[in-house]
Amino acid sequence: MVSRSLPQLRLVDTPRGPLTYTLTRKRVKNLNLRVGAGGEIMVSLPLTCSVKQADDFIREKSGWILDATARREGRQAEPLPPVSREEQARLLGEALTRMYPLVAPLGVAFPVLKLRKLKSQWGNCHWAQGYITLNTALARCPEELRDYVALHELVHFLHHDHGPGFYARMDALMPDWRRRRKALKCYSGALERE
């Protein structure tokens, strides 16, 4: 018989970006989701359900979770000024150029940069093909947030997933990346409007 387990911290890639949540397995009938006052995400998992079901549940509810967090913090999505295609290329190219020296000594070749309107991501890395795609909406965000996304994608050339090695490298290269990631969530509405 499976008994209640100690809480487990989980990290899940969702359509709205990576989310960390606390999973507790207990005697409940349904998956239960709570967002605490400090923005912490907690899931209670029935003893008969798999951890994969909890991860899938977080992915499915990611939009609601981020909206609930924004409401609790009393913030609204920031209005973003329009930026021309040429300006997008310049601003995002500069972010990649600024962040590249952090990973160059680790053997990462300078990637090709592609720009696209992405519906649910700020960027993605195609490490096997040697290129990064950045969302054109990111050009309208503050410089420090463009830098965070550019570095995030560059680190994927070293660590292809969001495992412990990836986050350890982010901690080493950009110690305040979690603050920047949180700030970027204020702009998540721009993804739908881009």
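The minimum heavy-atom distance linking L33 with F57 is given by the pair CB-CE2, 3.6 Å. Smallest separation of non-hydrogen atoms from A150 and M99: CB-CG, 4.1 Å. Residue A139 comes nearest to R146 through the heavy atom pair O-NH1, 3.5 Å, listed as atom of the first residue, atom of the second, then distance. Heavy atoms only, all atoms of each residue included: I41 and T20 are closest at CD1-O, 3.6 Å. Closest non-hydrogen pair, V35 versus M42, comes out as C-CE, 4.4 Å. Listed here is the closest heavy atom pair of A54 and L45: CB-CD1, 4.1 Å.
Rounding to the nearest 0.5 Å gives a distance of 10.0 Å between CE of M174 and CG of L154. The CG atom of N32 lies 11.0 Å from the OG1 atom of T24; values are rounded to the nearest 0.5 Å. Once rounded to the nearest 0.5 Å, the distance linking CZ of F110 with CD1 of I132 reads 8.0 Å. Atom-to-atom distance recorded for L118:CG and N124:CG is 6.0 Å, nearest 0.5 angstrom. Summarising the geometry, atom CD belonging to E60 is positioned 10.0 Å from atom CD1 belonging to I65; distances are rounded to the nearest 0.5 Å. Taking CG from L92 and OG1 from T136, the interatomic distance works out to 8.0 Å, rounded to the nearest 0.5 Å.
Under a cut-off of 6.0 angstrom, the local environment of CZ in R98 is crowded, with over 12 non-hydrogen atoms contributed by other residues, nucleotides or ligands. Atom CZ of R178 has more than 12 heavy atoms from other residues, nucleotides or ligands within 6.0 Å.
Side chain of R25 to main chain of C49: a donor-acceptor pair is present (N/O by atom type, distance under 3.5 Å, no hydrogens or angles). Proximity of a side-chain donor or acceptor of E87 to a complementary backbone N or O of S84 within less than 3.5 Å is not detected. Between the side chain of Y100 and the main chain of V108, a donor-acceptor pair closer than 3.5 Å is present. Judged by distance alone, with hydrogens and angles left aside, the side-chain atoms of R59 form a donor-acceptor pair with the main-chain N or O of D13 at under 3.5 Å. The backbone N or O of Q121 sits less than 3.5 Å from a side-chain atom of N135, completing a donor-acceptor pair. With E153 contributing its side chain and C125 its backbone, the two residues share a donor-acceptor pair below 3.5 Å. A donor-acceptor pair is defined here as one N or O able to donate and one able to accept, closer than 3.5 Å; no such pair exists between the side chain of N30 and the backbone of V28.
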L102 vs V155, test: side chain to side chain contact (heavy atoms under 4.5 Å, CB included). Steps then yes/no. CA-CA 9 Å; L102 297 175; V155 170; over 6 Å; no

Begin from the C-alpha positions of T133 and L113 and carry the test side chain to side chain contact (heavy atoms under 4.5 Å, CB included) through to its verdict. CA-CA 6 Å; T133 302; L113 174 61; over 6 Å; no

Does the side chain to side chain contact (heavy atoms under 4.5 Å, CB included) test come out yes or no for K52 and D56, once each step is laid out? CA-CA 6 Å; K52 182 184 180 309; D56 291 344; 2.8 Å; yes

Please step through salt bridge (charged side-chain N to carboxylate O under 4.0 Å, His left out) for the pair R90 and E86, ending with a clear verdict. CA-CA 6 Å; R90 184 184 69 77; E86 294 76 23; over 6 Å; no

Step by step, work out the side chain to side chain donor-acceptor pair (under 3.5 Å) result for Y148 and D176. CA-CA 9 Å; Y148 156 68; D176 71 338; over 6 Å; no

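Looking at R169 and L106, their side chains come closer than 4.5 Å, going by heavy atoms from C-beta outward. In this structure, the side chains of V149 and C141 stay at 4.5 Å or more apart for every pair of heavy atoms. Taking 4.5 Å as the limit, every side-chain heavy atom of V103 sits out of range of all side-chain heavy atoms of F157. Contact annotation: the side chain of Y21 approaches that of V12 to within less than 4.5 Å [non-hydrogen atoms, C-beta and beyond]. Inter-residue side-chain proximity for L11 and P18 is flagged as met; some heavy-atom pair is nearer than 4.5 Å.
L158 and V112 fall into different hydrophobic clusters, where Ile, Leu, Val, Met, Phe, Trp and Tyr are joined by side-chain heavy atoms under 4.5 Å apart, directly or via other members.
Here the rule is ring-ring contact (aromatic ring centres under 6.0 Å, His included) with H156, and of F166, Y131, Y167, W127 only F166 fits it.
No side-chain donor from either of H159 and D161 sits under 3.5 Å from a side-chain acceptor of the other.
In summary, the aromatic rings of H162 and H152 are positioned with their centroids under 6.0 Å apart.
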